[in-house]
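Report on the following structure.
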Amino acid sequence: MTKHRPTTRAFINLTLLLVTTIVLLVFGFTDYLREKNSYYAELNRVIEQTTEELAASLALPIWNFQDDQAIKIIENAFLNKDISAVLVHDALSDRVVAGRMRIEGNAIAATDSIAGVADQIIAERPIVLADRVIGKITLQGTTRNIQTLAQKALQRIALTIATLNIVLYILLNIVLKRHIDAPLKLIENFAREISMQGSLTTTRPRDAFLLEMNSLRDSIVVMVERLQQQYDALAESQRKLRSTETRYRDLYENALAGIFRMSSSGQILTANAAFANILGYNAPEEAVRNVTSLKNQVFKDGTVYDLLMARLDETEQVSNYIISFKKTDGEERVGALGLRTIRETDDQQEYIDGILHDMTERFFAERKVREAHAFIQEILDSMPSVVIGVDNQTTITHCNKKAQNETGLDARRLLGMKLADALPRMIPHEPAIISALQERKTVLLTNQPHETDGATRLESILAFPVYSGELQGAVIRIDDVTDQAKMEELILQTEKMMSVGGLAAGMAHEINNPLAGILLGVQNIIRRFSPDMQSNRKLATETGCDLDCVSRYLDARGIRPLLYGIRDSGERAAKIVSNMLSFARQSQSHHMVTRLDDLMDKCIDLASTDYDLKKKYDFKQIRIIREYSPETPEILCSPQELEQVMLNLLKNAAYALNSAFEQKAPPQIIVRLRKEDDWAVIEVEDNGPGISDTHKRQIFEPFFTTKQPGDGTGLGLSVSYFIITRNHNGKIWLDTEFRSGARFCIQLPSAASSATPPAQ
């Protein structure tokens with residue numbers, strides 16, 4: 001069905017009429033509003049004026065109670081057809097003096113109230129006599145007459161606009177038909193005859209009144225001449241196009257990639273030999289004949305086809321999409337598919353052009369390469385060391401997860417950065433790394449210090465060159481050896497302490513020999529001066545010596561207390577040596593039932609003899625208080641290990657009490673023993689400076705110490721924690737609620753509740 005299109009004359013006529021009508025409507029509507037507003041203003045003025053006049057006329061009748069006179073006055077007001085109701089009130093007696101309203105048929109009826117209506121105007125005035133308000137008049141006017149006048153004005157304006165439009169249409173039609181429609185018709189006939197005859201022998205149209213018509217005529221003549229030239233050129237282009245088409249057809253048929261065209265439903269319309277060969281067909285015609293649904297016959301997964309079609313609807317082109325497809329014999333292959341939508345001018349999808357590359361061998365080869373690369377990267381990521389690969393300009397080319405965590409950057413940002421920018425602490429070591437690259441030798445830098453979170457860490461840096469053809473680079477491995485260095489230092493310190501312990505044990509054995517002789521000699525002297533022994537009296541009588549006089553002399557000169565003092569000091573020294581030997585012996589790695597009060601006394605006696613050569617602590621200046629509960633149960637333990645724990649706690653308390661702080665009370669250490677359910681509890685409490693909140697969480701960590709460098713290794717409490725928790729199934733903790741010093745608590749299972757000793 002041919003779509004109707006208007007002629008030029010009709011279009012211009014209608015356009016001008018539409019514009020004129022709009023202009024006239026605007027002016028007419030403006031005039032209508034102006035007249036309507038004028039009517040309303042005049043009505044308001046008349047209502048107000050009438051109300052004023054009635055208020056003045058009704059003053060005397062109301063004052064004199066002349067109601068009939070008042071009714072006549074307001075009835076005369078109804079001569080004005082715009083008044084619909086009048087109501088008069090007497091203010092002195094609060095009554096309705098007179099009330100009239102207009103009803104249907106233009107009759108006047110009595111009323112005592114005025115109802116508000118939408119198309120009414122109400123005016124009120126007080127009735128005044130001698131400056132005194134004696135009443136009120138209410139007048140209601142109707143707008144029906146004004147609306148009637150406005151409608152007549154609107155009809156008049158509409159008639160005027162219609163008349164003007166008719167006249168204008170007739171005049172425009174005459175002018176346009178003569179000066180535009182007729183010349184255009186002549187030019188149209190001229191163009192039609194030229195197109196039918198194919199020559200310029202047709203007579204040209206005559207001159208027109210309008211300049212544009214003549215220009216249009218001349219342009220058409222010139223266009224026809226040029227079309228003749230273009231027609232000749234087109235014939236030559238078609239000849240060249242046929243030649244080009246032949247060349248492209250050869251390229252299409254002999255291309256290595258599979259090229260095809262299909263319908264929107266997936267049916268193959270045309271294909272080249274390569275496409276047929278990829279799918280396992282002998283000829284393109286065979287592929288076109290057999291492949292009726294690319295989705296079901298070629299694609300391994302139909303959902304991939306649906307996804308491609310959806311994307312094709314959005315972008316109209318898909319390139320290098322990897323798919324799995326099936327050959328005609330069922331063999332599965334991998335290919336790269338490209339599609340493009342071809343649409344006609346009305347934007348309807350007609351067909352789809354595609355190209356298919358068989359990528360099976362290349363795909364599996366690339367997958368093996370990716371898997372190998374991923375495996376190597378996983379090996380690097382699993383390493384606890386920082387591993388970074390650099391080129392000969394120290395630009396990062398590889399990195400593992402540890403390197404990303406160390407720098408705080410992901411792999412995409414690290415790759416391509418300079419090593420010094422990613423790890424600024426490597427700047428001092430760049431010469432060694434460059435040397436390794438240039439001299440092709442491995443460089444190892446051990447125990448290199450650097451600051452991390454305010455603490456000094458040590459690391460080992462290994463740089464070894466890598467050469468692959470013309471590519472040069474190096475692999476840098478960074479290991480944190482802080483703990484290893486501390487452990488090596490601890491091993492050296494332990495060996496020294498073991499040597500000192502062995503020396504102390506040897507010295508104790510050597511001291512025991514003369515000490516035993518001293519004690520034996522003193523004991524014999526005391527016994528041989530004793531008058532109670534019969535042998536002493538016999539020898540004294542034989543030698544002529546009065547043994548009682550000798551005894552009194554010894555007492556008078558204080559010799560006997562001196563001998564007793566020598567004996568007591570010797571016994572005390574022997575006890576100290578015995579405790580040192582007991583502590584110096586290695587643990588026998590077996591547990592026995594032990595009384596805690598005896599063990600604590602032994603530890604306190606051993607600690608009381610300790611005196612630090614650097615004046616850090618002296619147990620002789622510290623009061624040690626024992627608070628032992630008689631209900632404290634026996635425990636199953638290794639006495640030597642528990643002595644080690646107690647001595648460490650006592651020495652730490654003594655060190656804190658002799659540190660530089662304001663001592664408010666005499667230094668003292670309290671050792672408590674008590675029972676708590678099936679547990680024995682040991683408390684070591686001092687009145688020293690205590691432990692700060694920032695250090696309370698770290699006191700049991702290995703190598704953590706608050707002492708000055710050289711005063712401690714930071715292993716005492718960590719070893720104690722290990723002995724109590726692992727070797728004795730107990731608990732050790734710092735009482736954080738205690739604020740008057742430090743209080744360490746140890747909880748050990750009683751011997752009765754320990755079914756089996758802990759594993760050693």
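Bear in mind the structure is a predicted one, so any value in this text is a computation, not a measurement.
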Kindly give the heavy-atom pair with the smallest separation between [X] and [Y], and that separation in Å.
X: S263; Y: I352; answer: O-CD1, 4.4 Å
X: A257; Y: A274; answer: O-CB, 3.3 Å
X: V443; Y: A432; answer: CG2-O, 3.7 Å
X: K326; Y: F299; answer: CE-O, 3.6 Å
X: H429; Y: L445; answer: ND1-CD1, 3.7 Å
X: A271; Y: V288; answer: N-CG2, 4.0 Å

Taking it one step at a time, do N447 and S460 satisfy side-chain contact (heavy atoms from CB on, under 4.5 Å)?
CA-CA 5 Å; N447 295 341; S460 176; 6.0 Å; no
Give a yes or no answer on whether the side chain of [X] reaches the backbone of [Y] with a donor-acceptor pair at less than 3.5 Å.
X: T163; Y: L159; result: yes
X: Q448; Y: T446; result: yes
X: N392; Y: I434; result: no
X: K418; Y: Q393; result: yes
X: E286; Y: N282; result: yes
X: D353; Y: R340; result: no
X: T395; Y: D391; result: no

Hey, mind stepping through L308 and I323 against side-chain contact (heavy atoms from CB on, under 4.5 Å) and telling me if it holds?
CA-CA 10 Å; L308 281 174; I323 65 167; 4.3 Å; yes
In terms of heavy-atom contacts, does [atom1] of [X] have more than 12 from other residues, nucleotides or ligands at under 6.0 Å?
X: K401; atom1: NZ; result: no
X: R370; atom1: CZ; result: yes
X: H357; atom1: NE2; result: yes

Please report the interatomic distance [atom1]([X]) to [atom2]([Y]), rounded to the nearest 0.5 Å.
X: R477; Y: T442; atom1: CZ; atom2: OG1; answer: 11.0 Å
X: F464; Y: L437; atom1: CZ; atom2: CG; answer: 11.5 Å
X: I433; Y: Q438; atom1: CD1; atom2: CD; answer: 12.0 Å
X: H450; Y: L458; atom1: NE2; atom2: CG; answer: 7.5 Å
X: L269; Y: F260; atom1: CG; atom2: CZ; answer: 10.5 Å
X: T20; Y: L168; atom1: OG1; atom2: CG; answer: 5.0 Å

Can you tell if the side chain of [X] reaches within under 4.5 Å of the side chain of [Y], non-hydrogen atoms only?
X: T341; Y: Q317; value: no
X: M309; Y: S264; value: no
X: L279; Y: F325; value: yes
X: V304; Y: Y321; value: yes
X: V387; Y: N400; value: yes
X: N290; Y: T328; value: no
X: V318; Y: L337; value: no

Can a donor-acceptor pair be found between the side chains of [X] and [Y] at a distance below 3.5 Å?
X: R333; Y: T360; value: yes
X: T21; Y: N165; value: yes
X: Q297; Y: T292; value: yes

Any salt bridge between [X] and [Y], counting N to O under 4.0 Å?
X: R362; Y: E366; answer: yes
X: K327; Y: D329; answer: no
X: E459; Y: R425; answer: yes

Hey, mind stepping through R726 and Y721 against side-chain contact (heavy atoms from CB on, under 4.5 Å) and telling me if it holds?
CA-CA 8 Å; R726 181 169 179 179; Y721 183 87; over 6 Å; no
Given L356, which of L339, I259, I278 fulfils the side chain to side chain contact (heavy atoms under 4.5 Å, CB included) condition?
I278
Which of these passes side chain to side chain contact (heavy atoms under 4.5 Å, CB included) with L414: D421, L423, L409, L419?
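Filter result, single survivor: L409.
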Does I478 form a side-chain contact (heavy atoms from CB on, under 4.5 Å) with K402? I'd like the steps, not just the answer.
CA-CA 10 Å; I478 305 172; K402 184 69 174 178; over 6 Å; no
